[in-house]
Amino acid sequence: MRIKADVVKCQGYGNCVGVDAKHFDLDDDGLVVVLDEVVDPSEMETVDAAIRSCPVSAIWRAGADA
Amino acid sequence: MRERAVIVGSSVGGIRTAQELRRLGFEDDIVVLGAEDELPYDKPPLSKQLLLGTQTEDQISLLGAGGWDGLQLDGRPGTPATAVDIDERTVTAGGEEIEYDYLIIATGVRPRTLGGLATNESVVSVRELRDARALRQRLAGGGPMLVVGGGFIGAEVASSARALGADVTIIEALEAPFARAVGAEVGGHLASLHRDNGVKLLTGVGVDAVKQTSDGVVVRLSDGTTHEAGTVVVGIGTMPNTEWLDGSRIPVDNGVLTDASCAVQAAEGVYAIGDVARSIDKGATVYRRVEHWTNAVEQAHIVAKQIIDPTSPVPDARAPYFWSDQFGTKIQMVGRPAESDSVELRRFLTPAGEKTVAIYGLRGAFAACVAIGWPRSIATCRSAWERGASIDHVVAELETLSSGASVGLT
Ligand SMILES: Cc1cc2nc3c(=O)[nH]c(=O)nc-3n(C[C@H](O)[C@H](O)[C@H](O)COP(=O)(O)OP(=O)(O)OC[C@H]3O[C@@H](n4cnc5c(N)ncnc54)[C@H](O)[C@@H]3O)c2cc1C
Ligand code: SF4
């Protein structure tokens, strides 16, 4: 499974970074950067929590084949 | 046999519960009761993007493109729940008694009103979509705006109204606005942000009387001065929407009392989440009601997990987290500043300039922080809070993150 992000939607709150700083960060413009697109199944819970925490649904999961 | 989950309240707590139930594999019936006659929408943008016009009503919808059907929800807007019977396991709504196996209480809060004064066209609170719509129209019409109460929602409305060119005054009973939430020091810092952006602040005064005039209102303050305004925005706190539970034996005391898994102990199959819930964290001794968006979202997840798998472990306490946008600056709070006994305002030198973070302590331990315009610092603060790190550790980690030394105390 992979992580996708839409920087046009992103409002730069960093909620996702607050939950999972391993997979998400903010760039110099304060917009989301996916640090590691590929997620190990053991880290899925944390990634899901980060996805939930985004108030504008700017990050989501895509299937392995996406 | 098919089971039925009845969710009362169709804002972020309620809708996220439905979405999480479906995501985790609940295939049975889900009924969602909503008091408002609207499709579910999200609230944080009401005082920010929606008022400013940078987001549309469509963009703050909570259901997504598929609407109710996309998640096979039996959504019933304009149908408030009026009673619960925990023995028969029914909820009364729209003249019908709906049986439930699981009942999720997500009815949120409503604004307190100024004593003796009904809200009307010119005296408003911002809680619902129709409030934001009406306020947006009034702002377009001009006229000075008075914001009564120096809380976050009032501050955001003030900020949005200034951006639209309105003349704005905030009236706060305490000596510093925002002091109730973040203390006088940070309150003072935020007050400067407002003053620098042209908001007038009147502190240490209360509202004695509000009189309606033909084209607005006249407000008399406790210091004897009077102020004319086209619109008065009232942001003086909230009350949980629990009256519909009266007589149900569901325990209510400034919110519905629940355990750390959001379950109501006295009533089987009943949960409460979000702004209306007063829950007790694992290992904690006090019940707290939390009016933060992230709290509602996390509790929705916890409840859905409980329903799918009643043996799922009691969740650990997460760091309370709240954000606010004012004058283009993000103000973010981790932990509980209101439960602290010390605060230091520290400045950190980052490549993007100097950033201020207030660090709060309680009996020498790290209790909370408020970051002003530095979203990247939130991850550090949150994980430090959850690990129970010391204040020195938090400062050291923030220094590393800023890739410089902290410039010192302000
Ligand atoms: C203007 C504004 C700005 C905000 N900004 C931020 C922010 O920047 N960051 C942040 O963290 N938080 C913010 N918040 C707080 C956040 O929006 C709330 O914590 C969140 O909405 C709580 O969700 P909830 O579902 O628990 O309750 P609510 O959103 O209050 O929803 C409860 C719903 O239940 C309905 N209801 C009530 N009684 C009944 C009944 N008897 N039957 C059926 N339905 C009923 C209500 O109509 C309402 O739609 C803001 C809130 C507001 C109002
Ligand atoms: S939580 Fe959402 S809006 Fe905030 S930084 Fe992450 S992706 Fe962007």
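Treat the numbers as computed from the prediction; the structure is a model and nothing was measured. Chain identifiers are assigned alphabetically (A, B, ...) following the order of the sequence lines, protein sequences preceding nucleic acid strands; residue numbering begins at 1 within each chain.
- Scanning both residues, B/A379 and A/V17, for their nearest heavy atoms gives CB-O, 3.2 Å.
- Here the closest non-hydrogen pair linking B/Y321 and A/Y13 is OH-O, 3.7 Å.
- Residue A/S53 holds its OG atom at 8.5 Å from CH2 of B/W323, rounded to the nearest 0.5 Å.
- For residues 46-65 of chain B, the interface with chain A (any heavy-atom pair closer than 4.5 Å) comprises B/K48, B/Q49, B/Q55, sorted by residue number.
- With chain A as the partner, the residue from B/Q332, B/Q19, B/R382 showing the most heavy-atom pairs under 4.5 Å is B/R382.
- Taken to the nearest 0.5 Å, the OG atom of B/S383 stands 11.5 Å off from the CG atom of A/D20.
- Applying the side chain to side chain donor-acceptor pair (under 3.5 Å) criterion to B/Y41, with sequence neighbours excluded, gives B/E36.
- In this view, B/A352 and B/T350, B/K355 satisfy the side-chain contact (heavy atoms from CB on, under 4.5 Å) rule, not counting sequence neighbours.
- Between chain B and the residues A/G14, A/P55, A/S57, the largest count of heavy-atom pairs under 4.5 Å involves A/P55.
- For chain A, no part of B/E386 is nearby; none of its heavy atoms comes within less than 4.5 Å.
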Next item on the list: Step by step, work out the side chain to side chain contact (heavy atoms under 4.5 Å, CB included) result for A/Q11 and B/D325.
Entry: CA-CA 10 Å; A/Q11 301 269 321; B/D325 286 304; 5.7 Å; no
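- The parts of A/N15 that come within reach of chain B are both its backbone and its side chain, each placing non-hydrogen atoms under 4.5 angstrom from that chain.
- Applying the salt bridge (charged side-chain N to carboxylate O under 4.0 Å, His left out) criterion to A/D25, with sequence neighbours excluded, gives B/R376.
- Counting heavy atoms from C-beta on, the side chains of A/D48 and B/R23 come closer than 4.5 Å.
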